[in-house]
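Data block below; observations after.
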2 protein chains.
Amino acid sequence: MIKYQQIAIEIETYIEEHKLQQGEKLPVLETLMAQFKASKSTVTKALDLLEKKGVVFQVRGSGIFVRRHKRTGYIGLLSNQGFTSELEDFQLTSEVIELDVRKPTQEAALNLNIEENSDVYYVKRVRYINGQTLCLEESFYNKSIVTYLNNEIVSQSIFHYIKEGLGLKIGFSDLYLHVGKLNGEEAKYLGLKEGDPKLFIETLFHLANGQPFDFSKVTYNYEQSQFFLQATSHVL
Amino acid sequence: MIKYQQIAIEIETYIEEHKLQQGEKLPVLETLMAQFKASKSTVTKALDLLEKKGVVFQVRGSGIFVRRHKRTGYIGLLSNQGFTSELEDFQLTSEVIELDVRKPTQEAALNLNIEENSDVYYVKRVRYINGQTLCLEESFYNKSIVTYLNNEIVSQSIFHYIKEGLGLKIGFSDLYLHVGKLNGEEAKYLGLKEGDPKLFIETLFHLANGQPFDFSKVTYNYEQSQFFLQATSHVL
DNA sequence: GAGTGGTCTAGACCACAAT
DNA sequence: TTGTGGTCTAGACCACTCG
């Protein structure tokens, strides 16, 4: 583990263990430097990481403060690691509807940046949270990257497998979010009525080297759709 | 302007002027260091800023690449500077429904972290994009921070006024996102039908020093609700 | 192995906040 | 004025990718 990541983890642990609330102040930089036997830049880098993650905010001339939000029961939208890691506090299960190797749709091929005669793994799942339907998910995995999937993997955490089993590094993702009305099929899977509201999110996941490997189309049950986002002002 | 911000701006300009596409490579670090007469750390910091903003991604041992998304017509959700700066390519107008000083609701007081007998500016607007209703917005501004508002300011860009007119620095914000059905009043303002889908976002905006100053409740017209988000994997 | 980006340091100096 | 965080540098060394 790299030093500044380790420091970030320890600071975060410290915050949690001391149950620090929004606005509470952390020790000053000099103290942290001494405590972790690290240079100013390294500690700053750890703090930048935590700031990016939404755990602290830094105020010049004043100090480093804890950032907390007040509401519980919301799902973080930007975890980018699949929901399983995000939702450890919830009961998350999946029912696999379809799993096969096929040719991508034109849309999927375009997004994954592959030929239409390439192979993709197609996965269709209904996911449940605390026994309620959370979402209906259709995913296309570039088979030349995600070389193997089976029913067992797919009924659990695909992303965990991609990282640990295949040793791939996940990078960034692009999310496109829409609101609309459920069609008959979606309503059936989610246990709702046709015409009910839906949140529809398409996500294109990339590896750390920039290759897109997963194009997913997810329709959420509006009754469970409580999402949380943290924004930070970029300066540019 | 600070050096690494300036470098970031120039690199971004370079990308736009050369119309670089997703995956195209930027000059190597050493070249950039020479070009901007800056140290490695400074150039790296500029690149980190661009990475955070979703403009580039860096791959160790390989290079620095342009990150682009393919779709147009989507609104960025995390601009955090109000929509006006985000939507320069669109025609955005506002109709002010209400503007007054009043006591906050319990909910607003709680979020803004003020007493219920403090004063807030209450603003209710319908916002239009290219002549269509985009959203119905209700905002509560902590009057001890946002000391003055009038009809003219409120019918334009409130955030521009807060930054330039009042000299306040905007920091981070927390967004809570829901999907539901429009009630009669919302439907009327948005020109839709009761029971139609709605995207409902509550946002708590903070100054750079951590003080919450604006609690907003926004109901979006689902027909215009196309949002875009970029996620980056944090390591922790 | 060569190329390229990432980490880390020690220290000088700058900018903002609180008092 | 003092305390505190932010910027910037030069350079050593590390880690990953690619041919």
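Sequence lines set the chain letters: A, B, ... in the order given, protein chains first and strands last, and positions in each chain run from 1.
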Let me spell it out: for each of B:Val43 and A:Val28, pick the nucleotide of DNA chain D with the closest heavy atom. Which residue's pick is nearer the 5' end? A:Val28

Mind calculating the distance between CZ (A:Phe65) and C1' (D:dG3) to the nearest angstrom? 12 Å

Please work out which of the three classes, parallel, tilted or perpendicular, describes the rings of B:Tyr220 and B:Phe227, given edges at 30° and 60°. perpendicular

Tell me: NZ of A:Lys40 to P of D:dG3, nearest whole Å? 14 Å

B:Asp174 and B:Tyr176 side chains, donor-acceptor separation under 3.5 Å: no

Distance alone, cut at 3.5 Å: any donor-acceptor contact between the side chains of B:Gln211 and B:Asn113? no

Separation of D:dG5 P from A:Phe57 CZ (nearest whole Å): 13 Å

Minimum heavy-atom distance between A:Gln230 and A:Gly54, given as atom pair plus value: NE2-O, 3.2 Å

What are the bounds, 5' to 3', of the part of DNA chain C that sits under 4.0 Å from heavy atoms of chain A? C:dT7 to C:dA17

To the nearest angstrom, the CG-P distance between B:Leu29 and D:dA15 comes to 18 Å

Value in whole Å for how far the C1' atom of D:dG5 lies from CZ of A:Arg60: 7 Å

Given atom CG of A:Asp48 and atom C1' of D:dG5, what is their separation to the nearest angstrom? 11 Å

Contact class for B:Leu47 (heavy atom, under 4.0 Å): base, sugar-phosphate, or nothing? nothing

Can a salt bridge be assigned to the pair A:Glu138 and A:Lys217 using a cut-off of 4.0 Å between side-chain N and carboxylate O? no

Within the 4.0 Å heavy-atom criterion, would you say A:Lys45 contacts the bases, only the backbone, or no part of the nucleic acid? sugar-phosphate

If you assign each of A:Ser62 and B:Ser62 to its closest nucleotide in DNA chain C, which residue comes earlier from the 5' end? B:Ser62

Distance to the ring centre below 6.0 angstrom and angle to the axis at most 45 degrees; does that hold for B:Arg71 and B:Phe228? no

The answer to which of B:Asn209 and B:Val59 contacts DNA chain C further toward the 5' end, by nearest nucleotide, is B:Val59

So what is the end-to-end bend of the helix from C:dG1-D:dC18 to C:dA18-D:dT1, with 5 pairs used at each end and the value given to 10 degrees? 30°

Work out which heavy atom in B:Glu10 is nearest to a heavy atom in B:Phe36; give both atom names and the distance. OE1-CE2, 3.1 Å

Looking for any heavy atom pair under 4.0 Å, which part of the strands does A:Lys3 touch: base, sugar-phosphate only, or nothing? sugar-phosphate

Side chain to side chain donor-acceptor pair (under 3.5 Å) with B:Asp100: which residues, sequence neighbours excluded? B:Arg102

CG of A:Leu26 versus C1' of D:dT4: gap in Å, rounded? 13 Å

For the ring pair (Phe, Tyr, Trp, His ring centres under 6.0 Å) test, which of A:Phe215, A:Phe213, A:Phe172 pairs with A:His206? A:Phe172

